[in-house]
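Right, one structure below, let's go through it.
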Amino acid sequence: MRPESRRSVVTPDGLVVALRPLAANAPWIGAWRALSQRPLIDNLFYDPDFALPAAGPFGAGVQVTLVGDRAPEEPGLKLLAVWPVRFTRLRWGLPLVLTMGWMHDFGIFGVPLLDAAEPARALDGLFFGLRRLVGRRLMLTHVPTEGRFAKLLAEWLDHNRLRHARFWAHERAFIDLSDREAPARAAYLGHISSRKRRKLRQAWDRLEAEGAVTAETIRAPADLPAAIDDYIALEAAGWKGRRGTAIADDPAQAAMMRDLVAAFGRRGAVRIDRLRRDGRTLAAVVSFVTRGQLWSLKISYDAAAARNSPGALAFHRLTQDIVADPALTTADSCAPPNYTLPETFWTERLALAHILVETKGGDPLFFLAAQLERARAAANLRLKAWRDRLRTWRRSAPSETGPSADT
């Protein structure tokens with residue numbers, strides 16, 4: 001299903017809900033950017049400085065749902081909600097229309113941007129508009145199952161006596177320093193065992209046995225283009241390059257990363273942390289910041305130095321910087337579940353799931369849709385397990401070299 005590019009509806013309390021194509025020259029981009037500075041929940045991936053560059057490799061068919069106090073093209077627009085979405089009739093092979101939050105290989109957090117001053121009104125307007133403009137059922141992707149958004153959604157569902165179903169429940173490493181005073185922040189890494197600390201010191205000593213190793217953080221806008229090019233080359237030289245899944249293998253993804261780093265660099269909201277020796281990068285971590293949250297998006301390392309765990313050493317130093325920075329209160333690893341590297345250093349877990357929601361007025365086919373999605377999720381988990389076993393077997397073969405456990 002492809003809605004026309006200019007569709008809108010007015011809610012009972014006077015908000016305008018509109019669907020518009022994801023376009024950098026749209027007149028409402030400024031209002032979107034303003035909302036991204038005051039949301040209930042930060043979302044790096046729905047910030048326009050991230051979403052617009054990501055439209056190149058990942059934006060086919062994406063429409064942006066806008067909830068505002070007037071039509072998006074009118075001057076003076078104030079947005080209360082923004083949610084980039086896709087529409088499909090074929091997710092279950094049956095003519096059941098579904099609106100899904102936009103997700104892609106680089107975008108794995110799907111909470112809509114909701115005005116922190118009026119989140120309930122924003123969410124209600126968002127769901128009302130999408131029901132009228134598209135259909136009865138929605139899929140929120142990679143959203144928290146605990147915390148402020150989960151509470152808001154639960155209250156909305158309970159108040160309207162509507163059903164929901166969760167799928168793909170998982171957790172990933174997270175840091176939450178919001179309730180920690182300075183001494184508690186300083187002690188954050190105290191959970192690391194003495195054995196692990198000794199191994200990290202030994203790994204650093206082995207790296208330095210071949211020459212002095214320096215740790216550096218690149219933030220200056222003038223230095224970031226060379227640093228991201230260096231990261232892209234580092235990743236391409238490793239196991240992702242051998243698989244053909246490195247950023248460098250897709251020119252659109254490479255252009256996206258350069259644009260992201262430039263856009264956030266101008267805001268002072270990107271950092272590239274590196275370990276280097278004799279002008280050669282041993283490991284690098286690319287992170288972005290939205291208000292008080294850091295998002296650790298990409299990490300790579302020099303395969304020739306893998307036995308000395310440069311990825312773990314770089315991530316350890318990044319963690320030390322996070323807990324020492326009073327401007328940061330949370331950090332998202334953006335990692336898959338059960339990923340050893342961030343889980344070694346970060347003690348909290350962010351619980352996420354896809355949530356299928358019926359909208360006001362009900363959905364007579366909701367139970368069927370939920371059952372079909374449950375079967376689809378189970379089939380995909382079986383396929384993933386098979387792929388993981390195949391990859392493990394390939395890595396164990398003498399002719400194969402896979403990534404080390406620290407990255």
Side-chain angles (χ1 to χ4, degrees), residues 3-52 54-55 59 62-87 99-102 109-141 143 148-160 162 263 267 290-291 357-361:
E4 295 176 7
S5 61
R6 296 171 66 88
R7 297 183 62 186
S8 61
V9 65
V10 179
T11 70
D13 63 347
L15 295 175
V16 177
V17 186
L19 288 169
R20 297 293 186 265
L22 183 59
N25 61 353
W28 38 266
I29 296 298
W32 182 4
R33 187 165 283 116
L35 176 61
S36 72
Q37 297 304 308
R38 59 173 201 278
L40 176 71
I41 303 293
D42 281 301
N43 189 340
L44 169 70
F45 309 109
Y46 291 166
D47 185 300
D49 284 343
F50 197 103
L52 292 169
V62 172
Q63 297 271 310
V64 184
T65 317
L66 306 163
V67 181
D69 62 352
R70 63 198 71 189
E73 291 71 31
E74 292 185 18
L77 170 69
K78 177 184 178 181
L79 287 172
L80 275 73
V82 171
W83 191 27
V85 296
R86 281 197 174 101
F87 315 98
T99 302
M100 289 189 66
W102 182 31
F109 189 71
V111 174
L113 295 181
L114 304 173
D115 191 330
E118 300 183 88
R121 186 184 182 207
L123 186 69
D124 190 68
L126 188 68
F127 288 177
F128 174 90
L130 284 169
R131 179 183 176 89
R132 291 293 186 89
L133 295 171
V134 185
R136 301 171 182 271
R137 63 200 67 86
L138 312 170
M139 180 79 82
L140 295 150
T141 54
V143 294
R148 288 175 295 170
F149 179 76
K151 183 175 183 291
L152 176 69
L153 179 61
E155 289 173 350
W156 185 86
L157 290 166
D158 290 345
H159 177 75
N160 294 288
L162 296 169
R267 294 163 47 173
T290 57
R291 299 192 300 172
V357 176
E358 68 174 341
T359 52
K360 288 182 181 179

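- Note that the CH2 atom of Trp32 and the CD atom of Gln37 stand 13.0 Å from one another [nearest 0.5 Å].
- Leu152 places a side-chain heavy atom less than 4.5 Å from the side chain of Leu114.
- Separating the CG atom in Leu79 from the CD1 atom in Ile29 is a distance of 9.5 Å, to the nearest 0.5 Å.
- Within the 4.5 Å cutoff, side-chain heavy atoms of Leu140 are placed close to those of Leu153.
- Of the candidates Arg131, Arg136, Arg132, Arg137, Arg131 is the only one forming a side-chain hydrogen bond (donor to acceptor under 3.5 Å, both in side chains) with Thr359.
- By the side chain to side chain contact (heavy atoms under 4.5 Å, CB included) test, Ala18 pairs with Ser8, Arg20, Pro72, sequence neighbours left out.
- Of the possible polar contacts, none joining the Arg38 side chain to the Ala116 backbone as a donor-acceptor pair under 3.5 Å is found.
- Listed here is the closest heavy atom pair of Pro39 and Leu113: CB-CD2, 4.1 Å.
- Leu22 has its side chain within reach of Leu52: a pair of non-hydrogen atoms, C-beta onward, lies under 4.5 Å apart.
- Under the 4.5 Å side-chain criterion, counting only non-hydrogen atoms from C-beta, Phe149 is in contact with Pro112.
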Show me the side-chain donor-acceptor pairs of residues 120-129 shorter than 3.5 Å, one per line, residues at least two apart or across chains.
residue	atom	partner	partner atom	Å
Arg121	NE	Asp13	OD2	2.7
Arg121	NH1	Glu118	OE1	3.3
Arg121	NH2	Asp13	O	3.3
Asp124	OD1	Trp156	NE1	2.9
Asp124	OD1	Lys360	NZ	2.7
Asp124	OD2	Lys360	NZ	3.3

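- In this structure, the separation between CD on Glu74 and CH2 on Trp28 is 15.5 Å, given to the nearest 0.5 Å.
- A heavy-atom distance below 4.5 Å is found between the side chains of Asp115 and Lys78.
- Between the CG atom in Asp49 and the OG1 atom in Thr290 there is a gap of 11.5 Å [rounded to 0.5 Å].
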Next on the checklist: Apply side-chain contact (heavy atoms from CB on, under 4.5 Å) to residues Leu77 and Asp69 and explain how you reach the verdict.
Outcome noted: CA-CA 6 Å; Leu77 170 69; Asp69 62 352; 3.8 Å; yes
Checklist entry - Going through the checks in order, is the side-chain contact (heavy atoms from CB on, under 4.5 Å) test met by Tyr46 and Trp102? => result CA-CA 9 Å; Tyr46 291 166; Trp102 182 31; 4.3 Å; yes
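- No option in Thr99, Val134, Val85 other than Val85 meets the side-chain contact (heavy atoms from CB on, under 4.5 Å) test with Thr65.
- Taking 4.5 Å as the limit, some side-chain heavy atom of Gln63 sits within range of a side-chain heavy atom of Pro21.
- Arg148 contributes atom CZ, which lies 5.0 Å from atom CG of Leu40 (distance to the nearest 0.5 angstrom).
- When side chains are defined from C-beta on, Leu130 counts as touching Leu19, because their heavy atoms get closer than 4.5 Å.
- Looking at heavy atoms from C-beta onward, Phe109 lies out of side-chain contact with Asp42 at the 4.5 angstrom threshold.
- Expressed to the nearest 0.5 Å, how far CG of Leu35 lies from CG of Asp47 amounts to 10.0 Å.
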